[in-house]
Number of protein chains: 2
Amino acid sequence: MVDDFVKRVREALARKETITIGARCNIRYSGRAESFLDKGDRLIIIKQDGSMFVHQPEGLNPVNYMKEGSSHSVRVENDEVKIYSTNIPKKEFMYTTIVKPHFFFSQKLNDTEKIVIAGNEKDMASMLYENPSLIEEGFKPFSLEEHTKYGFIDIFGTDKNNNVVLVECKRYTIDFKAVEQLQRYVKKIKKEKGIKNVRGILAAPSITPNAKDMLHDLKFEFKKVKPPKYLEEIDKTQKKVFEY
Amino acid sequence: MVDDFVKRVREALARKETITIGARCNIRYSGRAESFLDKGDRLIIIKQDGSMFVHQPEGLNPVNYMKEGSSHSVRVENDEVKIYSTNIPKKEFMYTTIVKPHFFFSQKLNDTEKIVIAGNEKDMASMLYENPSLIEEGFKPFSLEEHTKYGFIDIFGTDKNNNVVLVECKRYTIDFKAVEQLQRYVKKIKKEKGIKNVRGILAAPSITPNAKDMLHDLKFEFKKVKPPKYLEEIDKTQKKVFEY
DNA sequence: GGGGAGAGATGCCGC
DNA sequence: GCGGCATTTCTCCCC
């Protein structure tokens, strides 16, 4: 019984299939940290690229995992199945002791598709670049998401009085880290360009009280902007798919 | 065939079992962003708590997912199986169209164990608290990982000249964000306590060049410290488990 | 490979 | 719920 299970796992590993195992097991990990998880029923996944995941029956994240490129060997010791997983370059190790296998399935999966995502920070910056009046009347952007020597600046432009304007977009609530980020860029530009008047604008749907205080101290500005969510693909094929 | 598959999925959902499906499918998501993933072979997992994951055959992270508390309903449309997943409180929606199911398994999993992790930042702070000479001779810590009104400070203490010392630990390379974090704490303490001499020390295994410059400008100090990795549990039961 | 920044980040704790 | 911060964060891009 155990021998059959081991044989199937070994063959699936050799064929580089995607493996799913349900089993009662315990896990030891050593690498960037060390961890131990005592016996319980879990879902174990080993992917074709060598990555491995242990999922408890609840929770979003795997409780233990190994990254791409890990090697796995299976042995039987004292009627228990042990999976030894190693990732030598990353110096990570994981040992899974299977007390009782519940189910096993493996299959070669074919998938060359890549996910298309809309509504990230870049899309938000693009929207503001295309519609500069969302920042303010007279704003003229002239650079978008560029690795300048002043840093990675979301939108760079001038206002109606020809002041240099630097816009930092955030999809979520601005905290003081975002304000500090903007401060770094503004400081650098003032220094390297030798100009005094550089306006800093934070564009986001909301801002924390602490960040607002810091922003006022630094004479920066906050512009309330809702991030765009619009997947062209979806609109083309099927309108309002996601309404309910 | 399709009807049987649908029946099994529905029953497993009703019984709140952990579900694993191998299938050729496409995915649409709308929530914090919007995404589309065209047809390919994937692993689909639905957990007992309503969370759901779609894994491509390679890669560490799920390509799509729904969080805990999501509801899932299954329908047949044009010989395809559609899983409609909704999370109303979070305003998130995911539609999985299964073109061809490869396998299905479901089971109630029992697991009450919690993972024990050693070697995180808290352990590092504790180590330095217990062995203050690792920071410097004469260092006297008097508070550990405390949510003070000055912020969440790793270690708070005094040096041999009775200066206030503030230590921020990082398990990994210090970057300028960590320096800014320390700066916030030091500023706040100087202001609220009305004292001038507050030393700031960053304890970590390494530091980036930019962070080092910033640290020198701010007259802070860097102390090279290796984070501890030691799981008592492991040492008690089995010495040097992770040697190879 | 390191540095810097975003992520559908998540998870934890405290208020 | 929000705020602040760590995470075995991961991922991407650029140098």
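Every chain is numbered from 1, with letters handed out A, B, ... down the list of sequences.
- In terms of heavy atoms, A:Ile98 sits closest to A:Cys25 at CA-CB, 4.0 Å.
- With sequence neighbours left out, B:Ser85 forms a side-chain hydrogen bond (donor to acceptor under 3.5 Å, both in side chains) with B:His72.
- Taking the side-chain hydrogen bond (donor to acceptor under 3.5 Å, both in side chains) definition, one finds that B:Ser206 meets it with B:Thr173, sequence neighbours left out.
- Take the nearest nucleotide of DNA chain C for B:Met66 and for B:Phe176: the residue whose nucleotide is more 5' is B:Phe176.
- Sorted by residue number, the members of residues 208-219 of chain A with any non-hydrogen atom under 4.0 Å from DNA chain D read A:Thr208, A:Pro209, A:Asn210.
- At a cut-off of 3.5 angstrom, the base of C:dG8 holds no donor-acceptor pair with the side chain of B:Glu34.
- No engagement by A:Lys90 is indicated, since no non-hydrogen atom pair under 4.0 Å with the nucleic acid exists.
- The salt bridge (Lys or Arg N to Asp or Glu O under 4.0 Å) contacts involving residues 58-73 of chain B comprise B:Lys67-B:Glu92, where partners must be two or more places apart or lie in separate chains.
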Side-chain atoms of residues 113-123 of chain B: list all donor-acceptor pairs with protein atoms under 3.5 Å, sequence neighbours left out, distances to 0.1 Å.
{"residue": "B:Asn120", "atom": "OD1", "partner": "B:Asp123", "partner atom": "N", "Å": "3.2"}
{"residue": "B:Asp123", "atom": "OD2", "partner": "B:Gly119", "partner atom": "N", "Å": "2.7"}
{"residue": "B:Asp123", "atom": "OD2", "partner": "B:Asn120", "partner atom": "N", "Å": "3.4"}

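- The CD atom of A:Glu180 sits 12 Å away from the P atom of C:dA5 (whole-angstrom rounding).
- Distance B:Phe152 CZ to C:dC13 P: 11 Å, rounded to the nearest Å.
- Evaluation of the side-chain hydrogen bond (donor to acceptor under 3.5 Å, both in side chains) rule for B:Tyr84 yields B:Glu77 as partners, not counting sequence neighbours.
- Annotation: of the two residues near DNA chain D, B:Lys122 and A:Ile174, the 5′-most nearest-nucleotide partner is A:Ile174.
- The side-chain hydrogen bond (donor to acceptor under 3.5 Å, both in side chains) analysis of residues 43-54 of chain B, with sequence neighbours excluded, yields the pairs A:His55-B:Lys47, B:Thr18-B:Gln48, B:Asp49-B:Ser51.
- Comparing A:Ala33 and A:Lys177 by the nucleotide of DNA chain D whose heavy atom lies nearest to each, the residue mapping closer to the 5' end is A:Lys177.
- Listed by first and then second residue, the salt bridge (Lys or Arg N to Asp or Glu O under 4.0 Å) pairs that reach into residues 216-227 of chain B are B:Arg199-B:Glu221, sequence neighbours excluded.
- You won't find any donor-acceptor pair under 3.5 Å spanning the side chain of B:Asn120 and the base of D:dT7, going by distance alone.
- Residue A:Tyr172 places no side-chain N or O under 4.0 Å from the OP1 or OP2 atom of C:dG6.
- In terms of heavy-atom proximity, B:Leu128 sits nearest to B:Val225 at CD2-CG1, 3.9 Å.
- Set against D:dT8, C:dA5, D:dC5, the side chain of B:Ile115 has D:dT8 as its closest nucleotide.
- Among the nucleotides D:dT8, C:dA7, D:dG4, the one closest to the side chain of A:Arg171 is C:dA7.
- The CD1 atom of A:Ile207 sits 16 Å away from the P atom of D:dC2 (whole-angstrom rounding).
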Would you mind writing out the side-chain donor-acceptor pairs for residues 59-66 of chain A within the sub-3.5 Å range, not counting sequence neighbours?
{"residue": "A:Asn64", "atom": "ND2", "partner": "A:Ser35", "partner atom": "OG", "Å": "3.3"}

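- Here B:Glu168 lies in heavy-atom contact (under 4.0 Å) with sugar-phosphate atoms only.
- Residues passing the side-chain hydrogen bond (donor to acceptor under 3.5 Å, both in side chains) test with B:Ser73, sequence neighbours excluded: none.
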Under the 3.5 Å Watson-Crick or G-U criterion, the dot-bracket string of DNA chain C, with | for inter-strand pairs: |||||||.|||||||
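- Across all their heavy atoms, B:Pro141 and B:Pro132 have their closest contact at CD-CB, 3.6 Å.
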Could you go through nucleotides 10-13 of chain D and list every protein N or O atom that sits under 3.5 Å from one of its N or O atoms, giving the distance for each pair?
{"residue": "D:dC10", "atom": "OP1", "partner": "A:Arg32", "partner atom": "NH2", "Å": "2.9"}
{"residue": "D:dC10", "atom": "OP1", "partner": "A:Tyr65", "partner atom": "OH", "Å": "2.9"}
{"residue": "D:dC10", "atom": "OP1", "partner": "A:Lys67", "partner atom": "NZ", "Å": "3.4"}
{"residue": "D:dC10", "atom": "OP2", "partner": "A:Arg32", "partner atom": "NH1", "Å": "2.8"}
{"residue": "D:dC10", "atom": "OP2", "partner": "A:Arg32", "partner atom": "NH2", "Å": "3.4"}
{"residue": "D:dC10", "atom": "O3'", "partner": "B:Asn61", "partner atom": "ND2", "Å": "2.9"}

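- Between B:Lys170 and the phosphate of D:dA6, there is a side-chain N or O to OP1/OP2 separation shorter than 4.0 Å.
- Between B:Gln181 and D:dA6 there is a side-chain N or O to OP1 or OP2 distance below 4.0 Å.
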